[in-house]
Asks: 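Take this structure first; my questions come after.
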Amino acid sequence: MTDYLAAFLLGLVSSGHCMGMCGGLMLAAGLNASKPIIAIGYNIGRLGTYMTLGISFGALAGLLPEQFLPVLKILSASLLLLTALYLLELSTIVNRIEIIGKPLWSLAQKPARRLLPVNKLSTSIALGFLWGLIPCGLVYTALAFSLSQTSATSAAVSMFSFGLGTFPSMLGASLLASRVRPWLINPWFKKTFALMLAVFAMVTLIPLTN
């Protein structure tokens, strides 16, 4: 449960980054306040992407020898710490790892464009699923964290928790942008959750010291 809470908080603190990366795309696609159900469908599609990635990576982690588990724990804890530093504006390494997903995103862009303009729920869900592949260092951090669960089901729940954490910002980007953005970018908000992520990173490493 602690791991899922950490994944949810990681999604929540990704809010400012999510709004900057995807908010403009959502508005350009017509996912605005006049079409709330369309905006919700888009976010359901994103959740589907994250869970699919979680299942895939979790299944892969489950195939690894048990001795690799400490390595996965260290990797996930390190990325949580780097995210905390990113929120404190002390490091941009998390952003730099976005290059990993660029080839996959380049393949997804063409079918995504064919779905525009968005005028029905099914289209918005499909578009959200494709846009969930946008290169994002924070998504990759969540995936690395889900790998430490070492099972497809647990990894899927972890990524679902992460996706839920991003819901307030992404729905707010299209429905309540002027009201949501100020508190999402508040320095105290970032500092508080940076500290919480650092604590979760330490908790992740505790089993390795026993």
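Remember, it's a predicted structure, so these values are computed and weren't measured experimentally.
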Asks: Rounded to the nearest 0.5 Å, how far apart are OH of Tyr86 and OG1 of Thr92?
Replies: 9.5 Å
Asks: Compare every heavy atom of Ser158 with every heavy atom of Ala7, then report the nearest pair and how far apart it is.
Replies: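 Answer, listing the atom of Ala7 first, then Ser158: CB-O, 3.3 Å.
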Asks: Any idea which heavy atoms bring Leu81 and Ala201 closest together, and the distance?
Replies: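 For Leu81 versus Ala201, the nearest heavy atoms are CG-CB, 3.7 Å.
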Asks: About how many Å separate CG of Leu82 and CZ of Arg96, when rounded to the nearest 0.5 Å?
Replies: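 So the CZ of Arg96 and the CG of Leu82 are separated by 10.5 Å.
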Asks: Measuring only between side-chain heavy atoms, which start at C-beta, is Leu116 closer than 4.5 Å to Leu127?
Replies: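 Heavy-atom side-chain distance check passes, below 4.5 Å.
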Asks: Minimum heavy-atom separation for Leu164 and Leu47, please, with both atom names.
Replies: N-CD2, 3.8 Å
Asks: If Ile, Leu, Val, Met, Phe, Trp and Tyr residues are connected whenever their side-chain heavy atoms lie under 4.5 Å apart, and connections chain through other members, are Leu63 and Leu75 in the same group?
Replies: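 The answer is no; the residues belong to distinct hydrophobic clusters.
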Asks: When rounded to the nearest 0.5 angstrom, what distance separates NZ in Lys73 from OG in Ser78?
Replies: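 Answer for the NZ-OG pair, Lys73 versus Ser78, is 13.0 Å.
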Asks: Output side-chain donor-acceptor pairs under 3.5 Å for residues 54-61, partner residues at least two apart or in another chain, one line each.
Replies:
{"unit_1": "Ser56", "atom_1": "OG", "unit_2": "Thr52", "atom_2": "O", "d": "2.9"}

Asks: What is the minimum heavy-atom distance between Leu10 and Leu80, and which atoms define it?
Replies: CD2-CD2, 4.2 Å
Asks: How about Trp131 and Thr49: do any of their side-chain heavy atoms sit closer than 4.5 Å?
Replies: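 Result no, sub-4.5 Å side-chain heavy-atom pair not found.
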Asks: Once rounded to the nearest 0.5 Å, what's the spacing between atom SG of Cys136 and atom OH of Tyr50?
Replies: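 One gets 6.5 Å once the value is rounded to the nearest 0.5 Å.
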Asks: Any side-chain heavy atom of Leu72 within less than 4.5 Å of one from Leu64?
Replies: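 Counting from C-beta outward, Leu72 and Leu64 do come under 4.5 Å.
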Asks: Does atom CD of Glu89 have more than 12 heavy-atom neighbours, drawn from other residues, nucleotides or ligands, at distances under 6.0 Å?
Replies: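 Counting other residues, nucleotides and ligands, CD of Glu89 stays at 12 neighbours or fewer.
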Asks: What is the distance from atom CG of Leu88 to atom OG1 of Thr83, rounded to the nearest 0.5 Å?
Replies: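 OG1 of Thr83 is found 11.0 Å from CG of Leu88.
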Asks: I need the Ile93 CD1 to Thr141 OG1 distance, nearest 0.5 Å.
Replies: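 Answer rounded to 0.5 Å: 11.0 Å.
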Asks: Can you name the nearest heavy-atom pair linking Tyr140 to Gly101, along with the distance?
Replies: OH-CA, 2.9 Å
Asks: Does Leu133 belong to the same Ile/Leu/Val/Met/Phe/Trp/Tyr cluster as Leu107, with side-chain heavy atoms less than 4.5 Å apart forming each link?
Replies: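 Per the 4.5 Å side-chain linkage, Leu133 and Leu107 are not co-clustered.
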Asks: Can you see which heavy atom on Gly41 is nearest to which on Leu121, and at what distance?
Replies: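 So the minimum-distance heavy-atom pair works out to CA-CD1, 3.6 Å.
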Asks: Output all residues satisfying side chain to side chain donor-acceptor pair (under 3.5 Å) with Arg113, sequence neighbours left out; order by chain, then residue number.
Replies: Gln109
Asks: A side-chain contact here means heavy atoms from C-beta on lying under 4.5 Å apart; do Arg46 and Asn43 qualify?
Replies: yes
Asks: Could you state whether Phe129 and Ile134 fall into the same hydrophobic cluster, counting links through intermediate Ile, Leu, Val, Met, Phe, Trp or Tyr residues with side-chain heavy atoms under 4.5 angstrom apart?
Replies: no
Asks: Is Leu143 linked to Val94 within one hydrophobic cluster, defined over Ile, Leu, Val, Met, Phe, Trp and Tyr using a side-chain heavy-atom separation of less than 4.5 Å?
Replies: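 The answer is yes; both residues are in one hydrophobic cluster.
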